[in-house]
Each structure stands twice: as structure tokens, then as C-alpha cells.
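What follows is a set of notes on a single structure, which appears directly below.
What's counted below: heavy atoms across the whole structure, side chains too, no hydrogens, waters or symmetry copies. Counting starts at 1 for both ligands and their atoms, in listed order. For clarity, every value in this text was computed on a predicted model and none was experimentally measured.
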Amino acid sequence: MMFHSPLARFFLAVCATTLPCSAQTSLHSYPERMQWSIDAGEMSYVIGVNDQKMLQTLYWGPKLASGAILPAAQMRPERASFDPPVATTPLEYAGWGGGLFLEPALKVDSPNGDRTLVLQYAEAHQAGDVLEITLRDATQPVAVHLFYQAFPQGVLARWSRIENLGKTPLRIEQAASATWNLPQAKGYEWSWLTGQWGGEWQLHSAPLLTGTQVLESRRGSTSHQTNPWFSVGRTDETTERSGPVWFGELGWSGNWRMTVEDTALDNVRITAGYNPFDFGYILDKGESLETPRFYAGYTQHGNGEASRILHRFQREAILPTHPDPKPRPIIYNSWEATEFDVNEAGQISLAEKAAKLGIERFVIDDGWFGERKNDHAGLGDWQVNRTKFPHGLKPVIDRVHSLGMDFGLWVEPEMVNPDSDLYRKHPDWVMSFPNRQRTEARNQLVLNLARPEVKEFVFGFLDKLVTENDIAFLKWDYNRNWSEPGWDGAPEPKEIYIRYTQNLYEILSRLRAKHPKLEIESCSGGGGRVDLGILRYTDEVWPSDNTDALDRLSIQDGFTHAYTPEVMVAWVTDTPNFLDKRSIPLQFRFLSAMQGALGVGGNLNHWSETEIDTSTRLIGFYKTVRTTVQHGQLYRLASPQPVDGQTGDASQVEYVAQDGSQAVVLAYLRSQRYGLPYPTIQLQGLDPAATYRIHALDSAKYKGEQTVQGSVLMGAGIHLSLAGDYDSTAVVLERLP
Ligand code: GLA
């Protein structure tokens, strides 16, 4: 359908599922007012064309009654000569021009030297469930297509496509996916995630004050440093359990920037897309550039519900297995146990021990290829090291299969060690500047995946590896950031920032299409490449190289604000932990790692009979609750961080199965203080009228009734006897018919 005339009458409603339209998504157009109203879950989003033909946000908040029409869009008048209308009107996608001093969504440089854009409404169009609104500049031959796609989980995806309608090349200097405008008000607070290697997913919250906050990566990939996620609440109202939350995340694994502005006039706007730092992209005649998806949602039910909306959305609309995710298998990986010292006999011996524990997937990590004895050599030479595996990988894979597990392999496809045959043959394949030192990190350089021949090499060796070996899973690693991002011979070398990531996605997509059973983990020295771009092609992520069970509680708490527990892999490793040198009891380590997709990474050759028995029992327990943990609704009952007046010593998470039939509580005590009893735990998300049978993992730690009504569990709560340091337990609730 194409609607050119503002007078045309049309009404469009799209139901994304068979459930009632009102509960899902809908799109209504009101042509006489030039308005579009989009419902997604419990949120409504309304945009309109104003008297200056510019597209502006009219509303983003709780769902409006069906048929509700808002006042016509109006460009705000000039408030003072210093506050021009383009800067005070909440525009959907502002070009730099007309006096805009805020963050523009788009900035171009055209051949005649005109660097401004004033984007005005041209037409609207709907294809399937996607609304497309086209804006055009009044003078320059530039069209911007804005896309809106609502998802029933309560998320709206927005992105843009910039098109050169002229005859001469156009240079894009800055291109965002979208700007989200919040209701004009004071008193917001916002949350964001930062980190570093070994300490990702640190959650921060602060009042949003007048000024600009920038979250970004200039590192070539998503980064450990900060993640492209935001959440905004109201200082006096929003908590984990209640109050309004506007939240969103950008789906892009290259350089990105998210700018959060709170203007002197209390306009709050969040713009994200390609990072304009060192950016350049040339559009030849007729060419277009598409920007990444910028997803956002709204809830009135606090930060917990905002996370649950994102989790559901990721499982049902983003992950490669959507809309029917299957449970993640329990992995064994010997990286912490053996590091590079992998060989046929050693890996088979570990596989035999892992199988006895109930492990389902055995993964060989770094060290199996080329001359890889340590991190100085071998990356790029993806042939099996015949000293370590004289008969190739087949004997190990066969043994792993005969033990009832499937097999996975570590790769780091985008990297090369200078000490490798690949680099000796193709030194020009790495990103570099002429006559400049190539800065190494972990003794490695980054291949320029933007180059077509490098892309084909990477796809080719991975395809061969997976075709020739029965590999169910690749752990795809990426262990450094960029330096010298040069691209010799390219017409616009700065396009490397986009074309590299596009090619990465293309390789992943082709590989999955050719090997439909293959699963992939996104790892980047831990959680350096986790975002909704890479998660369209990968089944799980490695949130951190930090496997200390205490640090992991905080890391995982932060992680779940933005991403589903289903993709959050955690291993139980040895004590003392390699990073913090802390020794934590085995059950605590297991219950910490059970918050998402459980794995084991300790040296099983050194585990005692008692440790093996405990592990076997806990892995068996995990299998009884795994679907609820991975695909259920997560309630962060008490944070491991010192927030809301709590010390963080006593923390718990609860998961409720999608059909409500099961709930699981994982409870931790870091340190008991002053002899005080463990706090009462009030559960959430249960059916108040239903009765639940309680199964305690440790009968000594739960002395309550065996059957309890939901309203009692949520009101009076349950009491657990956790004491001392690093105590932990779990309680499972089965809803009785
Ligand atoms: C990265 C990963 C680790 C491990 C090593 C191997 O650091 O995050 O899990 O695979 O590389 O070199």
C-alpha cells in the first residue's frame, strides 16, 4: 500500500499473533491528522507530521484506548533566538540543519558544499507489519526512509535507510537509527551498563541531569566498556517492581554511539546508531545505507518487567531459534583446566569424566590448530595440530559421541598471529595504515573482514571445518579491539566500520544456512560482543572470563537487565578461582552458574569422589528446572549489589515457567552478619489462588510447609536457613492442578 495524499483515508491494523489484536500489536493511521499510532504489548507510540511537514513524536508511554487521537502535531514556536523550533520540537529523525544544535540523526556533506538537511514528510507506506515513512530534504536529493516494526512482546524496532536520489556521490558523516523522545519532564533517572575485561555488566543508575551522556564504542566491536542498552525511569516512582520504565537497545556489533540528552527545556532524547567518530560512507547515485535496528519499549511495572519484556522479545523474535527456543545444553570446556595444553588423550579423558556428570556438550577450546602452543602463534592456520591430535579431531569427536555428548570447537576467525602461515602469505589482509607499525594485542592482529577475499577465506575455512567434522557448536572468539583501522585501496577506507560488521553477519548467516544444526557462541574475551545484532546469528554468549561465583552474581545481575538468561553461559570452575583467588563451596559455584545456561570448566582430573557426586546431583537438579530458568520469567528478588538499602549479602533470583506450572528460587548468602537470620523471601509472579508443592534442594535449609498457596508465598514468603559464608540453596515450586 502506498499513501501519498494526506487526505487519503486509511486504517491499518496488524495482529502479530492469533491472540486478540489489543493484546498484541497494532498500527493505526489517521490521515486527516497525519498521525500514526503504534501499539506493542502494553505500550503506545504515536507520531505525527506537523505544520512544517516535519515528523515528530507525539507520545511514548502506557497503552492508549483504542481509537484515541492526539492533538495535531505542532512545531514548537521559537522560544528565544537561541532556541529554534528544530531544537525544541521532539523530532523523530532530525537532520543537521535549521539551527539544530542537539545530536542529529543524520549529517551529510554534498558536492555543492551544502551540509544541512531539513527532512520533511513525503509519503507513508506499509509492507507487512512494517510502517515506512519517507522524509525528503527540501533542497538536496536525499531521502530518508524511517521504519517502524512493532512486536507483541512490547517492543518497537526502529531503523532508517538513507538514499541518494541525486546524480553525484553523497558523503554521510553521521547516521543514527532513530531518536527516541521521552515525555517532556523533570525527574528522570537512568541506568546503563559498563565494564572491562573480567568485570563486565556493572549496572549504574543516576538522576538524569541537564546535559549529554554518551555511551559508545570506538573499539571496532560492541565492547566490554559499555553495552548499547539504556533504561530510564522516574526518580520518585521507579523500582525493580513498579513504576514507569522506558528502555531500549541497539542491535549493532561494530562502533556504535548512544547519546542521552536532557536539554535545558527538559526534553529528553536518546539517539543511537553508527558511531560518527572517524566515520565516513559514500552513497553513489541511487545507493542506500541502512542503519541498525534500535529497539525500545515501555512498561509501567518497573525494571524487572522491562527486563522480562526484553527477554521474551529476544527469545521469540531475535535469537536464531525464535520463535521456539530449545534449552541450551550443559557444556564442558577445559580452558581454565588445561589452557593451550590440549591433546587427544587428555581431551578424551576429560570427556569421559564429563559424561559421567551428565554433561551434554564437550568443547575443545583454544590450542587445537596450527602451531598454537601459547598465544604467540597459530591464529589464522586452521588446520588440526598433528602433534596434539595425530589422527585429526575424529577420534575425539567419535569418543564424545559414543559418550552421548555432542561436540564443539573454539575458533577465533577474525584474527591472525604475525607468526602464522596465513600472515606470512597475506600480510596485506590485516587492517593497517601504510608505513605504520601494526599494534599487536595478545600478539595478534585483526583481519580486515571488510575485504571480500578475507570474508571468503573466513567463510571457506569454517565451512570446511564444519563439513569435514561432526561439529555441533562453535565458540566464536574475538580477543582484541582495533588499532590502525586502515583499508588500503578502498574508495572510502572509513567504510570499514560498517562493511566489516556486515560481512561478519553475512558469514554467520551463510554458515548457519548451510549447516542448520550448527550452534554458535559469541565470545570476545568474555562479554565484549553481546548485542542484538550478533544475537540474531548466535545462540548464546560468554558474559565474562570471570568465573568467580561471587563476582558472577553481580555480573549476571547486570547482564539480565539487558539480555535473557537463556544466552548467559556460566561454568563451574576450580577453587581458588584464577582471577580473584577466592575459594567458594561447590554448591554455591553451581547455583551461581545455574542462573542461565550451566556449564562446567574445572579440571575434572582433580575432582574428588565427593565433588563428583555433588556435581552429578546438582547437574541432575538443573535439568529438572532448566527450561524454567532459560525460558521462564525472571524475577530479581534481591540484588547481589548493595542497592535499595540492602547490603547485597543475601540475594535471590526466581524464575517462573511460561505456563506457570513451575517456579525456582536460587538463594545465596555471601556473609552472615550479627547472627541475623536469612531474610524472608517474598516470591513473585505466582498464581495467588493456586497451591504449590515445595521441593527443597536441601531439606535442612527449608523447614516450612510442603504445600503452600501462591498468595501466601508472595505475601508471607518463605524462610530459608542459610548461615555463615557462601551458603546457598534452591527451592522448586510445582503448581498443583
Ligand atoms: C578468550 C575466551 C576464553 C578462552 C580464551 C582462549 O579469553 O574468553 O574463554 O577461550 O580466549 O584463548
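- With distances taken over non-hydrogen atoms, the option nearest atom 2 (C) of ligand 1 out of Val411, Asp477, Asp366 is Asp477.
- Per-residue contacts place Gly526 under 4.0 angstrom from the following atoms of ligand 1 (heavy atoms of the residue considered): 8 (O).
- For ligand 1, the polar-atom distance check against Cys523 finds no nitrogen or oxygen pair separated by under 3.5 Å.
- Heavy-atom contacts of Lys475 reach the following atoms of ligand 1: 3 (C), 4 (C), 9 (O), 10 (O) (cutoff under 4.0 Å).
- Checked by atom type and distance alone, the side chain of Lys517 never pairs as donor or acceptor with a backbone atom of Phe473 at under 3.5 Å.
- Not close to ligand 1: Glu339, with no non-hydrogen atom less than 4.0 angstrom away.
- Near Asn479, meaning under 4.0 Å from any of its heavy atoms, are these atoms of ligand 1: 1 (C), 7 (O), 11 (O).
- A salt bridge links Lys326 with Glu519: the distance from a Lys NZ or Arg NE/NH1/NH2 to an Asp or Glu carboxylate oxygen falls below 4.0 Å.
- Residue contacts with ligand 1, taken as heavy atom pairs separated by less than 4.0 Å, do not involve Asn333 at all.
- Atom 10 (O) of ligand 1 has its closest protein heavy atom at Asp365 OD1, 2.6 Å.
- When the shell of 6.0 Å around CD of Glu216 is examined, it contains more than 12 heavy atoms from other residues, nucleotides or ligands.
- Both the sub-6.0 Å distance and the 45° axial angle are satisfied by Lys475 relative to the ring of Trp542.
- Distances from ligand 1 to the non-hydrogen atoms of Arg442 include at least one value under 4.0 Å.
- Among residues two or more places apart in sequence or in another chain, the side chain to side chain donor-acceptor pair (under 3.5 Å) test is passed with Asp470 by none.
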Before you tell me yes or no, could you show the steps for Arg510 and Glu456 under salt bridge (Lys or Arg N to Asp or Glu O under 4.0 Å), namely the whole-Å CA-CA distance, both residues' side-chain angles and the distance that decides it to 0.1 Å? CA-CA 11 Å; Arg510 279 165 67 191; Glu456 287 312 316; 3.1 Å; yes
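- Among protein heavy atoms, the minimum distance from atom 8 (O) of ligand 1 is reached at Asp545 OD1, 2.5 Å.
- Considering backbone and side-chain N/O atoms, Trp335 never comes within less than 3.5 Å of an N/O atom of ligand 1.
- Backbone and side-chain nitrogen or oxygen atoms of Trp410 are examined, and one is located within less than 3.5 angstrom of a nitrogen or oxygen of ligand 1.
- Heavy atoms from other residues, nucleotides or ligands lying under 6.0 Å from CZ of Arg386 number more than 12.
- With a heavy-atom cut-off of 4.0 Å, Glu412 does not touch ligand 1 at all.
- Applying the salt bridge (Lys or Arg N to Asp or Glu O under 4.0 Å) test to pairs two or more places apart or on separate chains, none has a residue in residues 599-616.
- Aromatic rings from Tyr563 and Trp201 are positioned such that their centres are separated by under 6.0 Å.
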